[in-house]
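Remarks on the structure that follows.
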Amino acid sequence: LVTVREIYRDREKYLNKEISVGGWVRSVRDSKTFGFLVLHDGTFFETLQVVYHDKMENFTDICKLNVGAAVVVKGILVPTPQAKQPFEIQAEEVEIEGASASDYPLQKKRHSFEYLRTISHLRPRTNTFQAVFRVRSLIAYAIHQFFQDRDFVYVHTPLITGSDCEGAGEMFQVTTMDLADIPKTDDGKVDFSKDFFGKATNLTVSGQLNGETFAQAFRNIYTFGPTFRAENSNTTRHAAEFWMIEPEIAFADLQDDMILAEAMLKYVIRYVLEHAPEEMEFFNSFVDKGLLDRLNHVLNSDFARVSYTEAVEILEKNNDKFDYKVSWGCDLQTEHERYLTEQIYKRPVFVTDYPKEIKAFYMKLNEDGKTVAAMDCLVPGIGEIIGGSQREDDYGILMGRMEELGLKPEDYGFYLDLRKYGSTRHAGFGLGFERCVMYLTGMSNIRDVVPFPRTVGNCEL
Ligand code: 4AD
Ligand code: MG
């Protein structure tokens, strides 16, 4: 079978020749002696029109086809200079591979994203989700290419772990114990010692701690895998299961970290503009009108940089615009992040050096003793897309931070070892893959960039 993508990319090769194409029916129109089928074959944005006629023995069956039916068409590809589409197939045979019931939910009209979420097994057949998931696939490939071209080693970090990297306690527990009969210790806590791993375990919230061990062996590494957070946040940018890309670089500081993050995002933007022009044009026309201008502007400018302290000064002056009022020490909310990147800088911005109280234990303490060498990258339309930091590489200071936060050193022996045996300056960041897909497509809800989203109260399919 020839694909519609091949036909569009290499039309001279197929015009006026006999070809076979397999696809799904988007619409059927018939008159007494002939009819039109519009096919979508999943390989390309455009559809292909098929003309069929009553000399075919199954003419009446074809006329009766419903939207969604699967067919294989054999015929001649002919140019149609007068028509909207550049060519069509004059069919010789239309083989019905699988008919479609008349209650097929995807009819020609436009469906709302809310409705399509209820049929996540069928929505990939629509134009919008064809574009979203093809671009999602390309972004994943571009990210691997970016790191592989720079000799980063791809590390598969575990999904089941005993640690809580971010220390936020937002973990899905993993157990094989019968919930009806969970053993308790004398002080009333759940006793995991007889459980599968002999201790409490959970799904990972980040691969970073394991990633750091590989950075201290290979210098430059990255992870790219699923992560899980039991955050009770019902928002358009939080999912319970999402993918994260986490590079980690040794002999490097926060500045190097930001240079890497900016280069990566620009690389990926350039890649999708080049490799999915039809899809990007579609998003620009039907999903987010300013998308292409905005992305091109990003390619032609430097990301802004501002310290947390300066950002708070700017935000405090605009406190009348926010639901949550800002003051030094508070965590920035989405509304503040978006105000900074959309109203103040009008492009991506790195906010650096946050108060240590609102950041994770592993971040390097700055000279002031109050802030840490952290950076968040904020982008228009979303807010935080990347969170990263230089890591605390001093054994004593790290130990002190862990004690302050009540973390048990025995649970982090391997992590402390890295500071004991050839510790280096090192840094890394986590890019939320779904947020990256949202940013590049203009889609405004994380549920619409994940094939089968898991969010609070929702784990369908
Ligand atoms: O800022 P976070 O929590 O950072 C870390 O996990 C670090 N260990 C990363 C590192 O330095 N190696 O998460 C990183 C990114 C966020 O900026 C956001 O884009 C995404 O992960 N993210 C989520 N995306 C979707 N749904 C959620 N619930 C998310 N939580 C974080
Ligand atoms: Mg963060």
Side-chain angles (χ1 to χ4, degrees), residues 112-124 126 128-140 142-143 156-161 164-174 202-208 211 222-246 265 268 272 283 287-288 331-335 337-338 341 360 376-388 429-461:
S112 72
F113 290 159
E114 287 78 9
Y115 169 66
L116 292 172
R117 272 174 225 144
T118 67
I119 47 169
S120 51
H121 59 308
L122 299 175
R123 70 176 181 169
T126 64
T128 304
F129 289 93
Q130 281 276 312
V132 167
F133 295 125
R134 187 175 299 283
V135 167
R136 183 178 163 114
S137 161
L138 287 172
I139 296 173
I143 288 170
H156 297 107
T157 49
L159 300 190
I160 301 176
T161 168
D164 176 9
C165 174
E166 296 306 301
E170 292 161 336
M171 297 172 303
F172 290 100
Q173 211 139 54
V174 173
N202 52 271
L203 295 178
T204 191
V205 297
S206 157
Q208 179 194 322
Y222 70 105
T223 72
F224 191 161
T227 48
F228 308 86
R229 294 193 190 181
E231 272 166 294
N232 206 353
S233 320
N234 205 349
T235 76
T236 54
R237 49 173 227 169
H238 287 92
E241 179 180 304
F242 61 100
W243 286 58
M244 198 161 27
I245 295 94
E246 295 186 275
L265 282 177
V268 176
V272 294
F283 292 127
V287 173
D288 177 355
D331 207 355
L332 301 184
Q333 308 292 320
T334 306
E335 55 173 340
E337 293 175 343
R338 290 189 56 176
T341 176
D376 276 8
C377 180
L378 318 178
V379 297
I382 297 169
E384 178 188 343
I385 189 173
I386 286 175
F429 63 81
L431 166 69
F433 184 56
E434 282 70 20
R435 290 192 190 173
C436 181
V437 178
M438 290 168 74
Y439 181 49
L440 295 195
T441 58
M443 296 295 286
S444 55
N445 195 315
I446 198 165
R447 292 163 184 78
D448 298 329
V449 299
V450 186
F452 303 100
R454 275 88 180 89
T455 51
V456 185
N458 174 48
C459 188
E460 297 301 316
L461 268 77

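Positions are given from 1 along the sequence.
With hydrogens and angles disregarded, no donor-acceptor distance shorter than 3.5 Å links the side chain of Glu434 to the backbone of Ile446. Here the side chain of Arg136 pairs a donor or acceptor atom with the backbone of Val449 at under 3.5 angstrom. A donor-acceptor distance shorter than 3.5 angstrom exists from the side chain of Arg123 to the backbone of Pro451, with no hydrogens or angles considered. Glu384 contributes no side-chain N or O that, together with a main-chain N or O of Asp376, makes up a donor-acceptor pair within less than 3.5 Å. With hydrogens and angles ignored, the 3.5 Å screen pairs no side-chain donor or acceptor of Ser233 with any backbone N or O of Thr235. Under the 3.5 Å distance criterion, the side-chain polar atoms of Gln130 are matched with a main-chain donor or acceptor of Pro124. Within the 3.5 Å criterion, the main-chain N or O of Val205 finds a donor-acceptor partner in the side chain of Arg229.
Residues Val132 and Asp448 share a closest heavy-atom pair of CG1-O, 3.5 Å. The two atoms that bring Ser120 and Leu461 nearest to each other are OG-CD2, 3.7 Å, heavy atoms only. The nearest pair of heavy atoms linking Ile139 to Cys436 is CG2-SG, 4.1 Å. Across all non-hydrogen atoms, the minimal contact from Val174 to Asn202 is CG2-C, 3.7 Å. Between Glu166 and Ala360 the shortest heavy-atom distance is OE1-CB, 4.0 Å. Between Leu116 and Thr126, the shortest heavy-atom distance links the atoms CD2-CG2, 4.2 Å.
Proximity of Arg117 to Asn445: side-chain heavy atoms (C-beta onward) are separated by under 4.5 Å at one or more points. Counting heavy atoms from C-beta outward, Leu265 and Cys377 have side chains that approach closer than 4.5 Å. At least one side-chain heavy atom of Leu431 sits under 4.5 Å from a side-chain heavy atom of Ile143. Side-chain contact between Leu440 and Phe283 is absent, with no heavy atoms from C-beta onward closer than 4.5 Å. Side-chain contact between Met443 and Val287 is present, with heavy atoms from C-beta onward closer than 4.5 Å. Residues Ile245 and Phe429 fail the side-chain proximity criterion, which asks for heavy atoms closer than 4.5 Å. In this structure, Trp243 and Phe224 have side chains that are in contact, with non-hydrogen atoms separated by less than 4.5 Å. Side-chain contact between Thr204 and Pro158 is absent, with no heavy atoms from C-beta onward closer than 4.5 Å.
Counting heavy-atom neighbours within 6.0 Å of Asn234 CG, excluding the residue itself, gives a total above 12.
Between the CZ atom in Arg237 and the CZ atom in Arg338 there is a gap of 9.0 Å [rounded to 0.5 Å]. To the nearest 0.5 Å, atoms CD (Glu241) and OG1 (Thr455) are separated by 11.0 Å. Atoms CD and CZ, on Glu170 and Phe228 in that order, are 15.0 Å from each other to the nearest 0.5 Å. One distance of note links CD of Glu246 with CE of Met244; it measures 4.0 Å at 0.5 Å rounding. The CG atom of Leu378 sits 10.0 Å away from atom CD1 of Ile385, with the distance rounded to the nearest 0.5 Å.
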From CA spacing to verdict: side-chain contact (heavy atoms from CB on, under 4.5 Å), Arg435, His238: CA-CA 9 Å; Arg435 290 192 190 173; His238 287 92; 3.6 Å; yes
